[in-house]
Engineer: 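Before anything else, here's the structure in question.
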Amino acid sequence: MRILISILSKTVVRSFYKEFALFFLIGLYICFGLFKSSDHIFLNTFILSSSLLISLYFLMWTLYNILIISFFTRFLRKRENIFLYHLSISKKASLYLALFFIHLYLFAPAIAYAVFVSGMAVNLAFYNQLIYILLFVIVSGIYPVLIYKKAISSPDISLSNAAFLVLNFRFKKPYFSFFFFHLFENEWLKLLISKGLSAILLLGLVQILQTDNDDIRPLLVVVLMGFLPNFALVGSYYSFENVNLLWFRNLPILRHKKWLMAVAIFAILLLPELFLLYRYAWDTLPIYVPIYGYLFGVSLMSLYYSGLYLKIAAEERFSNLIFIIAIFCFLAILFKINVLAIIFLVFFTSIITFFTQYYHYELVVKNE
Amino acid sequence: MLTLTNFKKEYAGYLAIEISSLQFEKGIYWIKGANGSGKSTLFKSIAGLQPFDGNIVLNENIDQRKMPVMYRGLVNYAEAEPFYPTYLTGIDLIDFVGKMKNAKPEQVSDLMQYLEIESFTKNPTGSYSSGMLKKLSLVLGFLGNPELIILDEPLITLDVVATEKIASLIQIYYNKGVGFLISSHQSKEMDTLPIKAQYLVENQTIKHISQP
């Protein structure tokens with residue numbers, strides 16, 4: 001059985017968490033960024049107070065189960081995974097048990113939340129709700145195993161997939177989305193680390209630099225330092241287009257569109273930080289200040305991206321480039337230059353650099 | 001059609017290829033050379049994939065440096081060993097490149113039908129065989145309204161039927177006025193094409209070797 005669990009976790013579980021890295025990332029940001037622990041307690045107390053409202057949990061966990069089952073059956077149909085059908089000749093008991101453990105791995109986030117909610121139900125003495133939740137979690141842990149077993153036993157699984165046709169529908173991907181797919185497919189660990197580090201830095205710096213006046217400069221310093229880990233994602237975007245998609249350079253791309261697309265991608269990548277700034281920046285600041293901080297962060301990323309097309313970047317002195325940008329911005333903040341002027345100046349420098357450098361690729365083509 | 005002047009490409013100080021002056025009139029050119037001789041380097045430079053010293057001008061006035069967007073709209077390229085992100089489908093790539101190259105929907109569907117790639121283009125490229133990838137890259141290489149198509153080893157990994165179809169497709173596009181630079185080691189199939197001249201890339205330069 002150990003070998004069955006090993007092979008299934010190396011294939012199914014790993015691929016599942018890779019494919020849904022963004023889903024979990026957003027979930028983590030909402031659960032631990034947007035909501036404070038007191039919010040969770042308030043929300044769950046409210047839901048647990050009614051037997052009807054706890055059906056919200058059941059709905060959420062059922063949807064998550066459908067997502068897992070859909071993924072599993074789709075995964076089996078892929079040509080490279082056909083070998084998994086060999087599992088059907090293993091002993092039934094071992095297979096059921098292995099599939100049960102695999103489902104526990106996949107269902108773990110829901111189980112973790114169920115444990116938290118159950119703990120609250122015990123504390124609040126909502127024993128009926130506790131029983132419903134435990135029963136539901138047990139059932140949710142068992143019935144998918146039967147579906148997996150059926151899918152593995154019959155290579156023609158078109159019927160069992162029919163129920164999940166909507167979830168399996170493949171949308172056409174616009175170019176705008178290519179990089180995000182690349183991130184989730186190939187660089188999900190870098191994404192998680194850079195976002196995690198950025199969140200820690202932001203929250204830590206907000207605590208350290210908190211002031212009781214409306215001076216915006218400490219927040220800009222928070223952004224300048226807290227957003228730095230995201231520069232790794234800018235480097236990924238650059239490499240994605242200039243190394244992974246070398247043929248992209250043969251396409252007649254209008255530079256202003258290309259630059260705007262890059263800025264839009266960076267703006268999306270920095271949305272979690274915007275949520276964090278809104279949630280945790282000190283109260284004495286006007287409400288629009290986190291927006292300024294966010295725009296400042298996007299402008300920094302766009303400037304770094306344009307800078308990567310310079311010869312200095314080709315010589316792999318990326319750190320010099322980051323250092324120069326950081327020092328320049330720090331001085332601008334220190335000497336109280338208007339924040340909108342700084343943002344404008346950074347964007348302006350970025351666009352000029354990009355327009356003059358984009359069609360003069362300096363990066364040595366590594367695969368030659 | 002295409003003029004190269006004082007063209008030079010170096011990799012970290014190592015000279016890959018140098019051409020003082022070369023002109024291709026409209027036609028089909030067969031570029032020969034041993035492995036590693038610099039054919040792909042030359043093709044990539046002409047396609048605008050990598051920096052170089054010198055000038056490359058299309059139709060006497062479209063300089064690759066000065067009019068990069070227009071130039072790339074008229075010069076297409078299909079690489080020898082195509083590689084695409086495994087999570088993208090063939091349709092994703094065809095839609096994107098077709099849009100960039102201003103390809104009409106009829107052209108897209110005609111090419112897909114002609115090379116028989118419709119059955120698998122909805123699948124991610126990670127599941128393609130080398131022949132399927134090659135067909136996809138060739139469809140991408142013909143999209144739009146190019147004046148010059150660069151085909152780097154277009155016949156490798158293809159089956160006999162597909163090879164014949166590619167030869168016919170080159171002939172059809174040539175009749176429409178499109179020029180070709182082709183590198184290939186498959187003499188038999190290349191001999192069926194109306195080759196204007198053959199060139200050999202060796203000793204870090206290119207030389208004319210025959211003219212039918």
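Protein chains get the first letters and strands the later ones, always in sequence-line order, with residue 1 at the start of each.
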Engineer: Measure the CD-CZ distance between B:Gln50 and A:Arg249 for me, rounded to the nearest 0.5 Å.
Structural biologist: 8.0 Å

Engineer: Counting only heavy atoms not in B:Gln171 (residues, nucleotides, ligands), do more than 12 fall under 6.0 Å from its CD?
Structural biologist: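 Yes, enclosed.
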
Engineer: Does any backbone or side-chain atom of A:Leu245 lie under 4.5 Å from a heavy atom of chain B? Answer side chain, backbone, both or neither.
Structural biologist: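 Only the side chain of A:Leu245 comes within 4.5 Å of chain B.
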
Engineer: Tell me whether A:Asn250 contacts the main-chain N or O of B:Leu49 through its side chain, where contact means a donor paired with an acceptor under 3.5 Å.
Structural biologist: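 No.
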
Engineer: Need one label for B:Ile91: side chain, backbone, both or neither, based on atoms under 4.5 Å from any heavy atom in chain A.
Structural biologist: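 When you check distances to chain A, only side chain atoms of B:Ile91 fall under 4.5 Å.
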
Engineer: Counting C-beta onward and ignoring hydrogens, is there a side-chain heavy-atom pair between B:Lys101 and A:Pro252 closer than 4.5 Å?
Structural biologist: yes

Engineer: Around atom CZ of A:Phe348, are there more than 12 heavy atoms from other residues, nucleotides or ligands closer than 6.0 Å?
Structural biologist: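 No, not enclosed.
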
Engineer: Residue by residue, which of residues 174-187 of chain A have a heavy atom closer than 4.5 Å to a heavy atom belonging to chain B?
Structural biologist: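 Near chain B, by residue number: A:Tyr175, A:Phe178, A:Phe181, A:His182, A:Glu185, A:Asn186.
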
Engineer: The criterion is side-chain contact (heavy atoms from CB on, under 4.5 Å); which residues satisfy it with B:Ile172, sequence neighbours excluded?
Structural biologist: B:Lys176

Engineer: Hey, are the side chains of B:Pro68 and A:Tyr358 touching, using non-hydrogen atoms and a 4.5 Å cut-off?
Structural biologist: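 They are not in contact (no side-chain heavy atoms under 4.5 Å apart), so the answer is no.
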
Engineer: Side chain from CB out, backbone as N, CA, C, O: work out which of these in B:Phe96 comes under 4.5 Å of a heavy atom of chain A, or both, or neither.
Structural biologist: side chain

Engineer: Could you tell me if the ring centre of A:Trp247 sits under 6.0 Å from that of B:Phe83?
Structural biologist: no

Engineer: Between B:Arg72 and A:Ile253 (side chain of the first, backbone of the second, donor and acceptor by atom type, cut-off under 3.5 Å), is there such a pair?
Structural biologist: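 No, the answer is negative, given that no donor and acceptor are paired below the 3.5 Å cut-off.
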
Engineer: Any idea which of B:Leu93, B:Val75, B:Leu88 has the most non-hydrogen atom pairs under 4.5 angstrom with chain A?
Structural biologist: B:Leu88

Engineer: Between B:Ser137 and chain A, which part of the residue has a heavy atom less than 4.5 Å away: side chain, backbone, both or neither?
Structural biologist: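 For B:Ser137, neither part sits under 4.5 Å from chain A.
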
Engineer: For B:Lys26, I'd like to know if atom NZ has over 12 heavy atoms of other residues, nucleotides or ligands within 6.0 Å.
Structural biologist: yes

